[in-house]
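Some notes on the structure that comes next.
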Amino acid sequence: METNEYREQRLASMQTLKEMGYEPYGCKYDHVDLKVARETFEEGRPVRVAGRLLMIRRMGKMNFCTMNDGTDRFQLIFKRDELSETAFAAFKQLNLGDIIGAEGVFFTTQKGEKSVVVKEWTMLAKALEQPPEKFHGLADQEECYRRRYVDLMTNDESRARFFTRSRLIMEIRKYLWDKGFVEVETPILQDQAGGAAAKPFFSHFNALDKDCVMRIAPELYLKRLLVGGMNKVFELGKDFRNEGIDRTHNPEFTVCEIYEAYGDRTSMEAIMEGLLPHLCDKVIGTRKVEYGEKKEIIDFNPPYRRVAYKDLVKELMGDDWFELDFAAQLEKAKAKGRETDTNLELDGITRELELTHEVYDKLIEKKLMQPTFVTRIPHEFVPLAKACKDDPSLVDVFEFVVAGRELCPGYTEQNDPLEQRKALENQAGEDTEKIDEDFISALECGMPPTGGLGFGVDRLVMFLTGTDSIRDVVLFPQMKTTA
RNA sequence: GGGAGCGUAGCUCAGCUGGUAGAGCAAGUGACUCUUAAUCACUGGGUCCAGGGUUCGAAUCCCUGCGCUCCUACCA
C-alpha cells in the first residue's frame with residue numbers, strides 16, 4: 001500500500017472525526033444539485049447540498065469553501081456563530097477532496113457571491129488521497145487518461161466534454177428514431193470478422209470450445225436484417241480493431257451504422273444533412289464549429305457540397321489531367337507538390353490511378369474544410385461497392401469529408417449476391433474460408449436496394465467539440481500496461 | 001514501423017558548462033468573522049521513471065529498458 005504524509009494525516013483526521021461522532025463514510029443524503037441551487041437561489045431560504053470540497057479558505061471564525069458536485073461549483077460558509085461547537089470543531093478536520101453534505105440557508109456575501117451558510121453538516125466520504133493542485137488541476141495527460149476519475153473531478157472542461165458526448169449519442173438515437181429507424185443489436189462475438197478490412201481481436205468460447213473473434217463491423221448482420229424485412233435499422237455500438245493507437249484511433253471505438261431499404265447513397269446524404277444540423281442545434285448550440293489549431297470555422301448548415309472525385313482532381317490539376325500521359329501527369333504532380341510544399345510519396349507509383357489517388361490524398365482531401373460528399377469514386381478503391389449505372393469503373397458511394405478528414409463513407413449497397421461473392425472472393429484471395437457463406441446466402445434470399453452509412457461516433461464527437469485527440473473523448477482509452 | 005521531445009515533492013513546474021535538490025500550490029502549527037487561486041509567520045515533505053556505464057563526484061553526460069506527447073508512415 002502506498003503511504004505518504006497526506007494519507008497518514010487523513011487517516012488520523014478520520015479517526016478524530018469518528019470520535020466526534022462524524023462517521024467518515026455516510027449514507028443517502030437528500031439534496032439539490034448545485035446547478036439547481038444556483039438557479040433557485042433565494043436569500044434566506046433553507047437548502048441542502050452535497051459535493052466535494054475543492055477549496056477551503058480558513059479565516060478563523062469564518063471559513064469559506066468551494067464545493068463541486070459535478071453540476072456546478074458553489075460557496076459554503078462555515079461560521080462559528082451558526083454552528084454547534086462540535087460541528088465547528090469537526091469542520092477543522094475537513095480536507096480538500098472530502099465529500100460532505102451540508103444544510104443551511106442561502107446567503108449573499110458582501111462581494112456578491114451566492115453562498116450557503118452552513119448550520120449543520122455531515123461526512124459523506126473521506127478522501128485519503130490529496131487532490132491535484134486547485135488552479136492547474138491535473139495536467140499530466142497520461143494521468144488524465146489512466147485515472148480519469150481524478151481528471152473528471154478537477155477539470156471542468158473534461159467533464160463537460162463527456163456530458164456533451166453523452167448528449168450527442170442520445171440525440172443521434174432520437175433523430176434516427178424520429179425518422180423511423182429501429183435500433184438493433186447484433187453479435188459482437190463472431191465466428192469470423194467481416195464487414196471491413198481490419199485485423200480482429202481473438203477470443204475463445206469455452207463451452208463450445210471454439211475460437212471466436214470480436215467484431216470489426218456490424219455490417220453483415222445488419223444487412224441480414226434488411227433481407228428479413230427490417231427496412232430501416234441502425235446499430236450504435238462498439239467495434240474492435242486489432243491495430244495501432246494514435247491520435248485518431250482507439251482499438252475499441254463506437255460506431256453508428258445505418259441502413260435504409262429501398263434507398264441508396266443519396267438517402268444517406270440526406271441523413272447526414274439532417275443529423276448534423278440536428279446535433280448542432282440540440283447539443284452544441286451553433287452550426288458553425290471551430291476546429292483545430294487554426295480555429296477554422298466548419299459550417300454544418302446544409303446543403304453540403306457534392307462533387308465527383310474526378311471533378312475535384314480536375315479542379316486542382318487542370319481539366320486535361322485525365323487526358324495526359326503518365327509521364328506528364330507525374331511531372332505535373334511533382335510541380336504541384338513543390339508549389340504547395342507537400343511531400344508526395346511517388347516512389348513505386350506506376351499507374352495513373354495510384355498517382356491520382358496520391359494527389360487526392362495529399363493535396364485535395366486535406367484541404368476540404370467544409371462538409372463535402374465526394375462521389376463517384378474509382379472502383380478499385382472500394383472493391384465491394386456497387387458500380388455506378390452509367391460507368392462501371394466508378395462506384396456509387398460517397399466519402400463524407402469534414403475538416404480535411406473522412407468522417408464517414410456512404411454506400412449504395414451491393415445487393416447482387418453473385419457480384420458480391422465475386423468481389424469477396426477477389427478480396428479474400430486464397431483465404432476462401434474467410435467468406436461469410438451465410439451472409440451470401442442471405443443476399444440470395446433477396447435484399448432490397450439499400451443505402452448504408454457508418455460513422456465513427458468518437459470522431460464525430462471530436463469534430464463537434466473541437467477536440468484533437470480521440471483519447472480526450474473516450475472515458476477510458478486503451479493504454480499500455482505499466483510495470 | 002521511423003524521427004523528435006518529455007518523465008524531478010501529493011499537484012504544476014524550475015534546476016545553465018557535472019559539485020550531495022528548488023519555487024508556487026497542497027500539508028502541519030499559529031493569527032485572522034466577507035474570503036474567493038484569501039493573506040501573513042514558522043515547520044515538515046524527494047527511489048530526480050527503472051537498470052547499467054563514464055567520473056573523485058551524475059537529476060545533469062552516455063547506453064538499455066518502460067511510459068507518455070508530438071511529427072511521420074501504416075491501418076478505415
Side-chain angles (χ1 to χ4, degrees), chain A residues 2-10 12-13 53-67 73-83 88 92-97 107-115 117 127-147 150-151 153-155 193 195-200 216-217 219 239-251 253 255 257 293 342-343 345 347 361-362 381-382 384 397 399-400 405-409 454-456 458-459 468-469 471-472 477-483:
Chain A
E2 201 179 329
T3 178
N4 61 43
E5 58 172 328
Y6 293 97
R7 192 184 164 81
E8 296 304 324
Q9 283 164 7
R10 281 161 182 260
S13 105
L53 298 179
L54 276 192
M55 294 181 235
I56 302 177
R57 295 178 287 282
R58 298 180 195 274
M59 302 196 56
K61 300 187 182 65
M62 185 170 193
N63 306 280
F64 302 86
C65 299
T66 304
M67 173 183 268
R73 297 173 175 215
F74 211 78
Q75 179 167 275
L76 305 184
I77 301 175
F78 291 79
K79 274 173 91 169
R80 200 177 64 169
D81 296 353
E82 304 286 346
L83 289 160
F88 187 74
K92 293 178 180 166
Q93 295 300 319
L94 286 175
N95 299 111
L96 295 185
F107 172 77
T108 308
T109 66
Q110 284 174 14
K111 297 279 170 64
E113 175 90 10
K114 289 176 179 173
S115 313
V117 175
L128 294 180
E129 199 168 307
Q130 184 65 20
E133 201 220 22
K134 61 188 173 187
F135 190 59
H136 297 92
L138 187 60
D140 185 288
Q141 298 230 36
E142 181 175 356
E143 283 297 293
C144 288
Y145 300 146
R146 289 189 192 275
R147 308 186 71 207
V150 182
D151 173 42
M153 79 173 75
T154 53
N155 296 324
K199 290 176 194 138
I216 55 174
E219 173 166 345
D239 283 355
F240 306 84
R241 297 190 181 174
N242 211 336
E243 288 160 1
I245 300 175
D246 65 30
R247 217 170 68 256
T248 56
H249 295 80
N250 193 47
F253 59 100
V255 286
E257 284 202 13
E293 283 178 13
T342 308
N343 188 24
E345 297 272 332
D347 294 348
D361 263 356
K362 296 285 173 63
F381 303 136
V382 201
L384 298 181
V397 307
E399 288 190 351
F400 185 46
R405 293 217 191 111
E406 191 198 324
L407 178 58
C408 75
F455 59 86
D458 312 286
R459 289 190 192 172
D468 290 329
S469 170
R471 285 182 155 177
D472 291 322
Q478 290 294 330
M479 301 288 281
K480 292 189 186 175
T481 22
T482 46

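Because the structure is a prediction, the values reported are computed rather than measured. Values below: every heavy atom of this structure, side chains too, minus hydrogens, waters and symmetry copies. Proteins come first, then strands; the chains are lettered A, B, ... in the order of their sequence lines, and each starts at number 1.
- The side chain of A/Gln9 approaches B/G28 more closely than any other nucleotide in the set B/U33, B/G28, B/C68.
- In terms of modelled atom types and a separation under 3.5 Å, the side chain of A/Arg471 and the main chain of A/Gln478 share a donor-acceptor contact.
- Across B/G10 and B/U72, the matching C1' atoms stand 37 Å from one another, rounded to whole Å.
- When both distances must be under 3.5 Å, the Watson-Crick or G-U wobble mate of B/A50 is B/U64.
- Comparing B/C34 with B/U29, their P atoms sit 22 Å apart, to the nearest whole Å.
- Between the P atoms of B/G5 and B/U47, the separation comes to 28 Å (whole Å).
- Judged by distance alone, with hydrogens and angles left aside, A/Asn63 brings no side-chain donor or acceptor close enough to the base of B/U33 to form a pair under 3.5 Å.
- Listed candidates were B/G67, B/U33, B/C34. Nearest to the side chain of A/Lys480 is B/G67.
- Side-chain nitrogen and oxygen atoms of A/Lys134 include at least one within less than 4.0 Å of the OP1 or OP2 phosphate oxygen of B/A38.
- A donor-acceptor contact shorter than 3.5 Å links the side chain of A/Asp246 to the backbone of A/His249.
- In this entry the distance linking CZ of A/Arg10 with P of B/G45 reads 19 Å, nearest Å.
- Taking each heavy atom of A/Ser115 and A/Ile77 in turn, the nearest pair found is CB-CD1, 3.8 Å.
- If you check B/C25 for Watson-Crick or wobble pairing at under 3.5 angstrom, you find it paired to B/G10.
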Could you pull out the protein-nucleic contacts involving nucleotides 72-75 of chain B (nitrogen or oxygen on both sides, under 3.5 Å)?
{"unit_1": "B/C75", "atom_1": "O2'", "unit_2": "A/Glu243", "atom_2": "OE1", "d": "2.8"}
{"unit_1": "B/C75", "atom_1": "O2'", "unit_2": "A/Glu243", "atom_2": "OE2", "d": "2.6"}
{"unit_1": "B/C75", "atom_1": "O2", "unit_2": "A/His249", "atom_2": "NE2", "d": "3.1"}
{"unit_1": "B/C75", "atom_1": "N3", "unit_2": "A/His249", "atom_2": "NE2", "d": "3.2"}

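- Nucleotides B/A9 and B/G19 are separated by 23 Å at their C1' atoms, to the nearest Å.
- For the side chain to side chain donor-acceptor pair (under 3.5 Å) with A/Tyr145, the qualifying choice from A/Glu142, A/Gln141, A/Arg147 is A/Gln141, the only one to do so.
- The two residues A/Arg58 and A/Asn63 make their nearest non-hydrogen contact at CA-OD1, 3.1 Å.
- B/U33 atom P lies 20 Å from atom CD of A/Glu113, rounded to whole Å.
- Across the P atoms, B/A50 and B/G7 are found 13 Å apart, a figure rounded to whole Å.
- Between the side chain of A/Glu5 and the base of B/G10 there is no donor-acceptor pair of N/O atoms closer than 3.5 Å.
- Of all heavy-atom pairs between A/Phe88 and A/Phe78, the closest is CE1-O, 4.1 Å.
- A/Ile245 places its CD1 atom 13 Å from the P atom of B/C70, with the value rounded to the nearest Å.
- For the C1' atoms, the distance from B/C32 to B/U39 is 9 Å, rounded to whole Å.
- Listed by chain and number, the residues in a side-chain hydrogen bond (donor to acceptor under 3.5 Å, both in side chains) with A/Glu113 amount to none (sequence neighbours excluded).
- Nucleotide B/C25 holds its C1' atom 15 Å from the CZ atom of A/Arg58, rounded to whole Å.
- Atom name P, nucleotides B/G1 and B/A37: the rounded distance is 47 Å, in whole Å.
- Proximity note for A/Arg471 (side chain, C-beta onward) versus B/U69, B/A38, B/U36: the nearest is B/U69.
- Non-hydrogen atoms lying under 4.0 Å from RNA chain B are contributed by A/Phe135, A/His136, A/Gly137, A/Leu138, A/Ala139, A/Asp140, A/Glu142, all within residues 135-142 of chain A.
- Taking a pair to require two hydrogen-bonding distances under 3.5 Å in either a Watson-Crick or a G-U wobble arrangement, B/C40 pairs with B/G30.
- Proximity note for A/Arg146 (side chain, C-beta onward) versus B/C34, B/G67, B/A27: the nearest is B/G67.
- Nucleic acid contact for A/Phe107: base, since at least one base atom lies under 4.0 Å from a heavy atom of the residue.
- Rounding to the nearest 0.5 Å gives a distance of 10.5 Å between SG of A/Cys65 and CE of A/Met55.
- Going from atom CG of A/Leu54 over to atom P of B/A37 covers 13 Å, rounded to whole Å.
- Base engagement by A/Thr109 is indicated by at least one non-hydrogen atom pair under 4.0 Å involving a base atom.
- Atom name P, nucleotides B/C63 and B/A23: the rounded distance is 33 Å, in whole Å.
- Distance A/Glu143 CD to B/C13 P: 12 Å, rounded to the nearest Å.
- Across all strands shown, B/A4 forms a Watson-Crick or G-U wobble pair with B/U69, both key distances being under 3.5 Å.
- To the nearest 0.5 Å, the span separating CZ on A/Arg57 from CE on A/Met62 amounts to 11.0 Å.
- Contact annotation for A/Ile77: no contact, since no heavy-atom pair falls under 4.0 Å across all strands.
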